[in-house]
There are 2 protein chains.
Amino acid sequence: MSAGSEDTVAQARSPRGLDATDRELIALLQRDGRASFAALAKAVGLSEGAVRQRVQRLLREDTMQIVAVTDPLIVDLARQAMVGIKVNGDLHQVADQVSALPDVHYVILCTGGFDLFAEIICRDDEHLLDVLNNGIRAIENVTDTETFVYLKLAKQTYAWGSPTEF
Amino acid sequence: MSAGSEDTVAQARSPRGLDATDRELIALLQRDGRASFAALAKAVGLSEGAVRQRVQRLLREDTMQIVAVTDPLIVDLARQAMVGIKVNGDLHQVADQVSALPDVHYVILCTGGFDLFAEIICRDDEHLLDVLNNGIRAIENVTDTETFVYLKLAKQTYAWGSPTEF
DNA sequence: AGTGAAACGACCGTAGA
DNA sequence: TCTACGGTCGTTTCACT
């Protein structure tokens, strides 16, 4: 199957210029993504309108997303895996092609024994095998892969430096 | 420094019993975590009150979280890394100890060349080194680690099977 | 567990400093 | 970029099914 070209990603459309208030808002929304603008306004000491503008700007520019996150292993009875990828040649190009695969939802470039990590979510083993063989390993300049099938999610937090708990 | 005992994690307090409507709600909130209950109600064909109960149940039982997610490399100018961990002995016990470290925000148990992966977010290289040496590698039964320092986030989606785009 | 109605609170334009 | 204000829509509680 053909992956839809490269509509895919690009994090942060216009990254620059986050002030202290922006960071405060992000921190608050990392604890509760549905916090009302009124509550946020009280917390940061601005008017509701000002906070609304800032939050919407952060969302529009993809500085942050506000979304539901789950454990796919529980919610979907899915097969999930991390794939370490070694690349020969242009890293960015391979990263873009990996990112274009619909079942890949997280891609990072890194140093170390792998050049890329891709986290994938699949329905079952057959689907996983298909993504590996016909998706990732079929990409040019991918020289080696190692697949780490998930057994259990032990921790997942987004408010850095504070516990998951409410 | 002492990590705060083990208040930490545990995903999904009472996992079972997700029906089709729950999954629909999760899917919708994976696209927009701030969608109103009224809009969700229209989409799934229930009343607002019913939808509110369901969403709050999913949140209360930790089946999902609704949070802001960002690229820490951009927002915080942070050092971020994935650490592959090899373990001798009880996996769960080590996983719990790794999860208890405040700068570790994602921990998975897996098959393959590593038993555990831990994603960490640090302020700078010194902080990273501290978490590695005095945090992860100081845990009993951790026999080997490999650190993959993040260079760039290429893709980050939570609505499985659909693009990041707004 | 789901519905409906009425009071309350949040949200989002527009206008203006 | 922020504040102020008013109309509209979403949320909440309650009694009921």
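Because the structure is predicted, anything quoted here is derived from the model rather than measured. Note on naming: letters A, B, ... go to the chains in the order of the sequence lines (proteins, then strands), and numbering restarts at 1 for each one.
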Quiz item: A/Glu48 has an atom CD; how far is it from atom C1' of C/dT14, in whole Å?
Solution: 16 Å
Quiz item: When the P atoms of C/dC12 and D/dT12 are considered, how many whole Å apart are they?
Solution: 15 Å
Quiz item: Just how far, in rounded Å, is P of D/dG10 from CG of B/Asp32?
Solution: 13 Å
Quiz item: Can you find a side chain N or O atom of A/Gln56 that sits less than 4.0 Å from OP1 or OP2 on C/dC11?
Solution: no
Quiz item: How close or far is atom C1' of C/dG2 from atom NZ of B/Lys42, stated in whole angstroms?
Solution: 18 Å
Exercise. Could you say whether A/Gly45 or B/Ala38 is positioned toward the 5' end of DNA chain D, judged by the nucleotide with the nearest heavy atom to each?
Key: A/Gly45
Exercise. Provide, to the nearest angstrom, the distance between the CZ atom belonging to A/Arg34 and the P atom belonging to C/dA10.
Key: 14 Å
Self-check item: Spatial distance of atom CD1 (B/Ile26) from atom CZ (B/Arg54) [nearest 0.5 Å]
Solution: 10.5 Å
Quiz item: Which part of the nucleic acid does B/Arg54 contact within heavy-atom distance under 4.0 Å: base, sugar-phosphate only, or nothing?
Solution: sugar-phosphate
Exercise. Assign the ring pair A/Phe148 / A/Phe117 to parallel, tilted or perpendicular, where the plane angle (0 to 90°) is split at 30° and 60°.
Key: tilted
Practice problem: Check the angle between the aromatic planes of B/Tyr158 and A/His105 and answer parallel, tilted or perpendicular using the 30° and 60° thresholds. | Solution: perpendicular
Quiz item: How close or far is atom P of C/dA1 from atom CG of B/Asp19, stated in whole angstroms?
Solution: 10 Å
Quiz item: Of A/Phe37 and A/Gln53, whose nearest nucleotide on DNA chain C comes first from the 5' end?
Solution: A/Phe37
Quiz item: OP1 or OP2 of C/dC12 sitting under 4.0 Å from any side-chain N/O of A/Arg52?
Solution: yes
Quiz item: Just by distance, do the side chain of B/Lys155 and the backbone of A/Val98 share a donor-acceptor pair under 3.5 Å?
Solution: no
Practice problem: Classify the nucleic acid contact of A/Ala50 as base, sugar-phosphate or nothing, counting any heavy atom under 4.0 Å across all strands shown. | Solution: base
